[in-house]
Protein chains: 2
Amino acid sequence: MSDNLNFVKKLRISGLRPTKQRIKICEILFGGKDTFHFSINELSKIISQKTNEKISLATIYNTVHAFLSKGYIKQIAVNSEQNYYDTNTTDHHHFYDEDKNQLIDIHDNEVEPVKINRKIPGKKIKSIEVLVKVQNN
Amino acid sequence: MSDNLNFVKKLRISGLRPTKQRIKICEILFGGKDTFHFSINELSKIISQKTNEKISLATIYNTVHAFLSKGYIKQIAVNSEQNYYDTNTTDHHHFYDEDKNQLIDIHDNEVEPVKINRKIPGKKIKSIEVLVKVQNN
DNA sequence: TAATACTTTAGAATAGTTATAATCTACGCA
DNA sequence: TGCGTAGATTATAACTATTCTAAAGTATTA
Ligand SMILES: [Mn+2]
Ligand SMILES: [Mn+2]
Ligand SMILES: [Zn+2]
Ligand SMILES: [Zn+2]
């Protein structure tokens with residue numbers, strides 16, 4: 001709960017007013033020990049489980065987008081069914097479990113750096129993402 | 001146009017009846033010299049440009065899904081805005097030009113093989129995909 | 001040619017997401 | 001400490017990609 005002060009700071013620093021809703025979403029996203037992956041749908045369910053008051057879907061979308069543009073979370077492209085987000089904003093790759101519909105972090109020591117021996121004229125690389133799809137044996 | 005016989009064969013082999021619509025879509029997808037990337041939307045536009053008769057959206061979706069499940073095309077995850085498909089079904093990676101919203105093939109000689117030093121128990125790797133997002137300098 | 005299974009189609013339904021516009025709130029300033 | 005205002009929240013409508021439905025059409029095989 002003293003985390004809340006940090007969240008307020010975090011929001012203020014990036015020019016976002018520390019509202020009740022945003023602080024609650026901060027608690028859920030950044031208050032745990034571990035980072036995690038979520039869809040808007042999943043986040044919405046977590047919120048309604050852990051909270052008495054309801055946060056409207058529009059606010060959840062707005063907040064996730066705000067956090068995304070501030071770099072507090074990352075977006076992960078898996079498929080077009082649903083957007084996935086990641087509270088781990090470091091550069092890292094993923095397994096995607098097609099049976100559980102679940103993202104799993106691949107740590108840097110678990111994968112060789114990807115080397116691209118080609119440049120696109122006039123373009124700079126913004127990100128390199130590896131997605132390893134896995135399924136049951 | 002003698003390609004059409006091949007397309008009929010191709011469809012027959014996989015248990016799909018060679019209908020007028022499917023053959024037309026085959027022509028567009030597999031009749032050119034080069035492979036290419038497309039969204040359903042783009043394919044739909046190409047069809048209406050190159051064809052007098054119209055093919056309904058439902059049929060385009062059905063056919064793309066059928067071809068996908070037969071392995072005639074691949075699906076590429078870029079973002080959740082829209083699904084992308086690829087008539088190049090070989091294993092290969094992609095640049096994604098965020099300004100032009102366009103996929104560009106990375107050839108095997110342009111990237112070192114990606115080595116994953118970790119296994120998920122009970123799971124087998126289905127695919128390894130690298131997506132390099134680029135934007136204007 | 002007839003029976004049948006498969007296919008196409010228009011349009012309805014669904015689902016994720018974004019826009020709207022009214023209400024509410026945070027916060028700098030009087 | 002209370003006001004004014006910019007910014008935030010919300011319910012709901014709108015939008016769009018995709019899937020479903022069910023009726024009409026077509027390929028296939030006997
Ligand atoms: Mn979407
Ligand atoms: Mn979709
Ligand atoms: Zn991650
Ligand atoms: Zn490709």
Side-chain angles (χ1 to χ4, degrees), chain A residues 4-5 7-28 37-48 51-70 72-73 75-85 101, chain B residues 4-5 7-28 37-48 51-70 72-73 75-85 101:
Chain A
N4 281 20
L5 290 178
F7 296 146
V8 171
K9 241 181 253 172
K10 184 167 186 153
L11 290 167
R12 281 239 166 75
I13 285 170
S14 52
L16 299 171
R17 287 188 178 173
T19 65
K20 201 172 43 178
Q21 292 85 348
R22 283 173 180 167
I23 291 167
K24 170 55 77 179
I25 293 175
C26 274
E27 280 174 21
I28 291 168
H37 309 97
F38 63 95
S39 67
I40 294 283
N41 225 336
E42 289 161 357
L43 178 56
S44 174
K45 278 177 196 161
I46 295 170
I47 290 171
S48 49
T51 307
N52 303 320
E53 324 152 58
K54 318 205 179 241
I55 300 179
S56 82
L57 243 195
T59 298
I60 297 173
Y61 274 104
N62 288 341
T63 304
V64 164
H65 288 163
F67 289 179
L68 194 60
S69 75
K70 298 303 177 186
Y72 294 164
I73 58 180
Q75 195 163 15
I76 311 289
V78 179
N79 57 47
S80 302
E81 307 310 297
Q82 199 153 31
N83 266 313
Y84 284 88
Y85 301 91
N101 276 43
Chain B
N4 280 20
L5 289 179
F7 296 146
V8 171
K9 239 181 256 174
K10 183 168 187 152
L11 291 167
R12 279 239 165 75
I13 285 171
S14 52
L16 299 171
R17 288 185 177 173
T19 64
K20 200 173 45 177
Q21 293 84 347
R22 284 172 180 167
I23 291 167
K24 170 54 80 179
I25 293 175
C26 273
E27 280 174 21
I28 290 168
H37 308 97
F38 64 94
S39 66
I40 294 283
N41 224 336
E42 289 161 357
L43 178 55
S44 173
K45 280 178 195 161
I46 295 171
I47 290 172
S48 49
T51 307
N52 302 322
E53 325 152 56
K54 315 200 183 248
I55 299 180
S56 82
L57 244 194
T59 297
I60 296 173
Y61 274 104
N62 287 342
T63 304
V64 164
H65 288 165
F67 289 0
L68 194 59
S69 76
K70 298 302 178 189
Y72 295 164
I73 58 180
Q75 194 164 17
I76 311 288
V78 180
N79 57 47
S80 302
E81 308 309 299
Q82 200 152 29
N83 265 313
Y84 285 88
Y85 300 91
N101 276 43

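Predicted model, so just to flag it, every value in this text is computed and none were measured. Numbers restart at 1 for each chain; the letters A, B, ... are given by sequence-line order, proteins then strands.
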Legend entry - Heavy-atom donor-acceptor pair, A:Thr63 side chain to A:Thr59 backbone, under 3.5 Å: yes
Legend entry - Short side-chain N/O contact from B:Thr59 to OP1 or OP2 of C:dT9, under 4.0 Å: yes
Inset, instruction - Specify the separation, in whole Å, of atom CG of A:Asn79 and atom C1' of C:dG16. - result: 12 Å
Inset, instruction - May I ask you to evaluate whether B:Gln21 reaches the phosphate of D:dT26, defined as a side-chain N or O under 4.0 Å from OP1 or OP2? - result: no
Inset, instruction - Hey, which sits more toward the 5' end of DNA chain D by its nearest nucleotide, B:Ala58 or A:Leu57? - result: A:Leu57
Legend entry - Pairing residues for A:Phe38 by the ring-ring contact (aromatic ring centres under 6.0 Å, His included) criterion, not counting sequence neighbours: A:Phe36, A:Tyr85
Close N or O pairs between protein and nucleotides 26-30 of chain C (under 3.5 Å):
unit_1	atom_1	unit_2	atom_2	d
C:dA26	N3	A:Arg17	NH1	3.3
C:dC27	OP1	A:Arg12	NE	3.3
C:dC27	OP1	A:Arg12	NH2	2.7
C:dC27	OP2	A:Arg12	NH2	3.1

Legend entry - Atom pair distance, as rounded to whole Å: CD1 in A:Ile60 and C1' in D:dA8: 14 Å
Inset, instruction - Check side-chain hydrogen bond (donor to acceptor under 3.5 Å, both in side chains) between A:Asn79 and all other residues, then give those that pass, not counting sequence neighbours. - result: none
Inset, instruction - Could you list the residues that satisfy salt bridge (charged side-chain N to carboxylate O under 4.0 Å, His left out) with B:Lys24, not counting sequence neighbours? - result: B:Glu27
Inset, instruction - Map A:Asn41 and B:Arg22 onto DNA chain C by nearest heavy atom, then report which one ends up closer to the 5' terminus. - result: B:Arg22
Legend entry - Main-chain N/O of A:Ala66 paired to A:Ser69 side chain as donor or acceptor, under 3.5 Å: yes
Legend entry - Distance in angstrom units between B:Leu11 CG and D:dT28 P, rounded: 10 Å
Inset, instruction - For D:dT19, take OP1 and OP2 only and decide whether either is under 4.0 Å from a side-chain N or O of B:Tyr61. - result: no
Legend entry - Integer-rounded Å distance: C:dT17 C1' and A:Leu68 CG: 14 Å
Legend entry - OP1 or OP2 of C:dT7 under 4.0 Å from side-chain N/O of B:Asn62: no
Legend entry - B:Glu53 CD - D:dG25 P separation (whole Å): 16 Å
Legend entry - Length of the CZ-P vector between B:Phe7 and D:dA27, whole Å: 18 Å
Legend entry - Pairs touching residues 11-22 of chain B that satisfy side-chain hydrogen bond (donor to acceptor under 3.5 Å, both in side chains), sequence neighbours left out: B:Ser14-B:Tyr72, B:Lys20-B:Glu53
Legend entry - Rounded distance (Å) that lies between atom C1' of D:dT26 and atom NZ of B:Lys24: 19 Å
Legend entry - B:His65 side-chain N/O to D:dT18 phosphate OP1/OP2 under 4.0 Å: no
Inset, instruction - Would you please name every residue forming a side-chain hydrogen bond (donor to acceptor under 3.5 Å, both in side chains) with B:Asn101, sequence neighbours left out? - result: B:Tyr96
Inset, instruction - Send over the distance from B:Phe67 CZ to C:dT7 C1', rounded to a whole Å. - result: 13 Å
